[in-house]
Student: 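Take a look at this one; I'll ask things after.
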Amino acid sequence: MYQSALPVPRSHHIAEISRELVGREVSLVGWVYRKRVHGGLVFIILRDGSSATIQCTIHRDRVPPEDFKQAEKTLIEAAVWVQGVVAEDPRAPGGLEVRTTRFRELVPAEPWPLTEDAAKSVGFLYDKRHLWLRSLRVQTVLRARAEFCKAAREFFEARGFVEIHAPILITTACEGGATLFPVEYFDREAYLTQSAQLYEEAAIAAFEKVYTIGPSFRAEKSRTRKHLTEFWQIEAEVAYATMEDIMRLQEDLLSHLCNHIAQRFGDVLGERADKIRVKPPFPKITYDEAVEIAQRKGYDVSWGEDFGAEAERAIAEEFEVPFFIYDYPLVARSFYCAWREDRPEIALSCDLWAPEGFGEIATGGERIADPEVLRRRIIELGLPLEQYEWYIEIRRYGLPRHAGFGIGVERTLRWMFKLDHVRMVALFPRTPTRVEP
RNA sequence: GCCGCGGUAGCUCAGGGGCUAGAGCGUCGGGCUGUUAACCCGAAGGUCGCCGGUUCGAAUCCGGCCCGCGGCGCCA
């Protein structure tokens, strides 16, 4: 016979408790978020999977003796069951509380290591990330990440894109070879993917429009607030598209994501919700104009180089909404990048930057569609031609001009919520100094 | 990879050649029927990151190493 893992009745989730339930009896299951004992009165702030909390009051003379004893002894993060009557009370946080009639500790907890003092230690919090993610603050960001990806799917599905899942184990480098994580693959060496792009390019000859949401890995020892060694991208690739088309697609996508998050997280975002309610078109400046801004603000950028951290911040501080930088020098871009016919030193490539000093969140552009041009480019850059034969071969069978982009999930959410570090957006962030827990 | 800061109780930190290494929070025991990170009294809790050196004596000084944090570089 089937037996539930929940040995007690549950009538509501905490998020469902409202003034309409005042006077009604409810039974709740959750975790002890805070506990305060006042002799014959115990206050327990309960939270559950609905990411809401409610205060439960347990009076010694209103519950069975054993129930009171359990309430008095239970520790933070123990799983408990509470039955009681919803009451309005100005003394309760949020104005509502549950006047408890029955209490049971379902699963005990040891003393909770994440004390208020522990919050001062970033290293300790990430050491205990498996516990820290129970905090409401972390939950909010992770929930936003889930909504972010859901909204992206809605966006692409409504436009007829096909979702693909590109391989994680690869042998063909997409960016610089030095940044690949090697993996023992039987008697060969393989790598963890840096991007789904090359595989998306193969798939557009089947579906015309594809997208993917998945992980990317970069073996760079970058100690910054915008780098993870394992991060997620939303990538899309479109047949018959130009750089301009792909810029429009990015504007539409990011606007959709921003408005979705602003609507769902208006309460935590406060005034910032309006700030991120952006709409197309976004400002567009050339690389040369970006260099001018940097130089005007006192940062030295020589043509053909990427912007340093300070210059990037300075440029991004000039804007209030996301913006594009296009007409990048070809030397600063990857091997697959197409270029302007009238100015071969200029790539058909653009970056999408978040404003307010945040900087780059997405890169996109048109790819080389001609097999011979691509071959020459690979040779010119000294890349291992044999590994790219399949990638070139796609182009020998009717591959039209096409373009695509990849937008960083963590970086974009970092900007939306104005977070200190991209690692706050990852369930278990991976950085050069951290692969655990 | 470079520069800087740090590692002392479960957590945050103080101490900076010499009695038994301290405080707050948390935990445990006691008290308290309206708290909001409750409060009051008491107690337990330590490989002072690791290795070596100097010294009568090292948590403390010196050298090396490891780890973490912040920034830069690299990079999407």
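Residue numbers begin at 1 in each chain, while the letters A, B, ... track the order of the sequences.
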Student: Can you check the A:Glu310 CD to B:rC3 C1' distance for me, whole Å?
Tutor: 14 Å

Student: Would you indicate which nucleotide in B:rC74, B:rG24, B:rG70 comes nearest to any side-chain atom of A:Arg423?
Tutor: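 Among B:rC74, B:rG24, B:rG70, the one nearest the side chain of A:Arg423 is B:rG70.
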
Student: With rounding to the closest Å, how many angstrom separate the P atoms on B:rC69 and B:rG29?
Tutor: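 Pairwise P distance, B:rC69 against B:rG29, rounds to 36 Å.
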
Student: In whole angstroms, how far is the P atom of B:rC2 from the CZ atom of A:Arg223?
Tutor: 13 Å

Student: Using purine N1 to pyrimidine N3 plus N6-O4 or O6-N4 for Watson-Crick, or N1-O2 and O6-N3 for G-U wobble, each under 3.5 Å, what pairs with B:rG16?
Tutor: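 Across all strands, not a single nucleotide pairs with B:rG16.
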
Student: Looking only at side-chain atoms of A:Arg36, point me to the closest of B:rG70, B:rU33, B:rA38.
Tutor: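 Looking only at side-chain atoms, A:Arg36 lies closest to B:rA38.
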
Student: Verify the distance criterion only: is there a donor paired with an acceptor across the side chains of A:Tyr336 and A:Glu201 at less than 3.5 Å?
Tutor: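 No, A:Glu201 and A:Tyr336 have no side-chain donor paired with an acceptor closer than 3.5 Å.
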
Student: Which value, in whole Å, describes the distance between the P atoms of nucleotides B:rC50 and B:rC11?
Tutor: 14 Å

Student: Should the side chain of A:Ser222 and the base of B:rC74 be counted as holding a donor-acceptor pair, with the cut-off at 3.5 Å?
Tutor: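 By the distance-only test, yes, there is a pair.
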
Student: At under 4.0 Å between heavy atoms, what does A:Ala362 touch on the DNA or RNA strands: base, sugar-phosphate, or nothing?
Tutor: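 Result for A:Ala362 = nothing.
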
Student: For A:Phe43 and B:rG34, give me the distance from atom CZ to atom C1', rounded to whole Å.
Tutor: 4 Å

Student: Looking at A:Arg423 and A:Arg129, what are the two nearest heavy atoms and their distance?
Tutor: O-NH2, 3.9 Å

Student: From CD of A:Glu360 over to C1' of B:rC74, roughly how many Å is that when rounded to an integer?
Tutor: 14 Å

Student: Choosing from B:rU27, B:rG70, B:rG73, which nucleotide comes nearest the side chain of A:Ala309?
Tutor: B:rG73

Student: Using only modelled atom types and a 3.5 angstrom limit, is any donor from either the side chain of A:Asp127 or the base of B:rG68 paired with an acceptor on the other?
Tutor: no

Student: Please work out if A:Gly308 contacts a base, only the sugar-phosphate, or nothing of the nucleic acid, heavy-atom cut-off 4.0 Å.
Tutor: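 Sugar-phosphate, no base atom in range.
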
Student: Out of B:rG68, B:rG34, B:rC75, which nucleotide sits closest to the side chain of A:Glu220?
Tutor: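 It is B:rC75.
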
Student: Please evaluate the base of B:rG68 for a donor-acceptor partner in the side chain of A:Arg434 within a cut-off of under 3.5 Å?
Tutor: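 Absent.
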
Student: Scan every strand shown for a Watson-Crick or G-U wobble partner of B:rC2, both distances under 3.5 Å, and answer none if you come up empty.
Tutor: B:rG71

Student: Under 4.0 angstrom, heavy atoms only, what part of the nucleic acid is A:Lys128 near: base, sugar-phosphate, or nothing?
Tutor: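 The answer is nothing, as A:Lys128 stays clear of every strand by at least 4.0 Å.
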
Student: With a 3.5 Å limit on both atom pairs, tell me what B:rC39 is paired to, counting Watson-Crick and G-U wobble, or say none.
Tutor: B:rG31

Student: Quick check with a 6.0 Å cut-off and a 45 degree axis cone: is A:Arg395 positioned over the face of A:Tyr391's six-membered ring?
Tutor: yes

Student: Determine which nucleotide pairs with B:rG57, using a 3.5 Å limit on both distances of a Watson-Crick or G-U wobble pair.
Tutor: none

Student: Mapping A:Gly39 and A:Asp117 to their closest nucleotides on RNA chain B, which lands nearer the 5' end?
Tutor: A:Asp117

Student: Identify the nucleotide, in any strand shown, that forms a Watson-Crick or G-U wobble pair with B:rG46, with both distances under 3.5 Å; if there is none, say none.
Tutor: none

Student: For a quick test of reading the model, state the closest non-hydrogen atom pair linking A:Leu330 to A:Pro344 and the distance between them.
Tutor: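 Heavy atoms only, the tightest pair is CD2-O, 3.6 Å.
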
Student: Just call it for A:Phe124: base, sugar-phosphate, or nothing, with non-hydrogen atoms closer than 4.0 Å on any strand.
Tutor: sugar-phosphate

Student: Could you work out the separation of B:rG18 and B:rC2 based on their P atoms and round it to a whole Å?
Tutor: 35 Å

Student: How about A:Ser216 and A:Gln194: does a side-chain donor come under 3.5 Å of a side-chain acceptor?
Tutor: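 There is no such pair between these side chains.
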
Student: Could a donor-acceptor pair under 3.5 angstrom be found where the side chain of A:Glu116 meets the base of B:rU12?
Tutor: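 No.
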
Student: Can you tell me how far P in B:rC19 sits from the matching atom in B:rU36, rounded to whole Å?
Tutor: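 Their P atoms lie roughly 42 Å apart.
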
Student: By nearest atom, which of the nucleotides B:rC69, B:rC28, B:rU36 is closest to the A:Leu75 side chain?
Tutor: B:rC28

Student: Answer yes if the side chains of A:Trp132 and A:Asp127 hold a donor-acceptor pair under 3.5 Å, and no otherwise.
Tutor: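 Short answer, no.
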
Student: Which of the following nucleotides, B:rU35, B:rA38, B:rC69, is nearest to the side chain of A:Pro93?
Tutor: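 Comparing B:rU35, B:rA38, B:rC69 against the side chain of A:Pro93, the answer is B:rU35.
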
Student: Within the structure shown, what part of the strands sits under 4.0 Å from A:Arg62 by heavy-atom distance: base, sugar-phosphate, or nothing?
Tutor: nothing

Student: Counting only heavy atoms not in A:Lys69, do more than 12 fall under 6.0 Å of its NZ?
Tutor: no

Student: Check whether the side chains of A:Gln139 and A:Ser51 place a donor and an acceptor atom closer than 3.5 Å, and report yes or no.
Tutor: yes

Student: Would you say A:Thr115 reaches B:rA37's phosphate, i.e. side-chain N/O to OP1/OP2 under 4.0 Å?
Tutor: no

Student: Looking only at the side chain of A:Arg313 (C-beta and beyond, no hydrogens), which of the listed nucleotides B:rC72, B:rC75, B:rU36 gets closest?
Tutor: B:rC72

Student: B:rA38 base stacked by A:His38? Criteria: ring centres under 5.5 Å, plane angle under 30°.
Tutor: yes

Student: How is A:Val42 classified with respect to the nucleic acid when contacts are heavy atoms under 4.0 Å: base, sugar-phosphate, or nothing?
Tutor: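 Here A:Val42 touches no strand at all.
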
Student: Given B:rC69, B:rG10, B:rG29, which nucleotide is nearest the side-chain atoms of A:Val122?
Tutor: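 The nucleotide sitting nearest to the side chain is B:rC69.
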
Student: Considering Watson-Crick and G-U wobble pairs with both distances under 3.5 Å, what does B:rC25 pair with?
Tutor: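 In the structure as shown, B:rC25 has B:rG10 as its Watson-Crick or wobble partner.
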
Student: Taking the C1' atom of each, how far is B:rC66 from B:rC56, in whole Å?
Tutor: 32 Å

Student: Please state the P separation for the pair B:rA14 and B:rG6 - nearest whole angstrom.
Tutor: 9 Å

Student: Distance check needed: B:rU27 P versus A:Lys73 NZ, whole Å only.
Tutor: 11 Å

Student: Counting the atoms with a prime plus P, OP1 and OP2 as sugar-phosphate, which does A:Glu97 contact under 4.0 Å by heavy atoms, base, sugar-phosphate, or nothing?
Tutor: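 It contacts base atoms.
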
Student: Heavy atoms under 4.0 Å, any strand shown: does A:Asp89 hit a base, just sugar-phosphate, or nothing?
Tutor: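 Base contact.
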
Student: Distance between the C1' atoms of B:rC28 and B:rA44, in whole angstroms?
Tutor: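 Here B:rC28 and B:rA44 have their C1' atoms 7 Å from each other.
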
Student: Could you tell me how far apart A:Glu110 (CD) and B:rG45 (C1') are, to the nearest whole angstrom?
Tutor: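 After rounding, the reported distance stands at 16 Å.
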
Student: Could you state the CD-P distance from A:Gln55 to B:rA38, rounded to the nearest angstrom?
Tutor: 11 Å

Student: Under 30°, 30 to 60°, or over 60°: which ring-plane class applies to A:Phe161 and A:Tyr211, parallel, tilted or perpendicular?
Tutor: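 If you compare the ring of A:Phe161 with that of A:Tyr211, the planes turn out perpendicular.
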
Student: Can you check the A:Lys120 NZ to B:rG70 P distance for me, whole Å?
Tutor: 17 Å

Student: Considering only the P atoms, how many Å lie between B:rC25 and B:rA38, rounded to the nearest integer?
Tutor: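 Their P atoms lie roughly 12 Å apart.
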
Student: Find which nucleotide of RNA chain B each of A:Ser121 and A:Lys35 is nearest to by heavy atoms, and output the residue with the more 5' nucleotide.
Tutor: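 Between the two, 5'-proximity favours A:Ser121.
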
Student: Have a look at A:Ser216 and say if it touches a base, only the backbone sugar-phosphate, or nothing, with a 4.0 Å heavy-atom cut-off.
Tutor: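 Nothing, no nucleic acid heavy atom in range.
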
Student: Looking at A:Glu77 and A:Lys128, is any side-chain nitrogen of the basic one under 4.0 Å from a carboxylate oxygen of the acidic one?
Tutor: no

Student: Check every strand shown and say whether A:Asp61 touches a base, only sugar-phosphate, or nothing at a heavy-atom separation below 4.0 Å.
Tutor: base

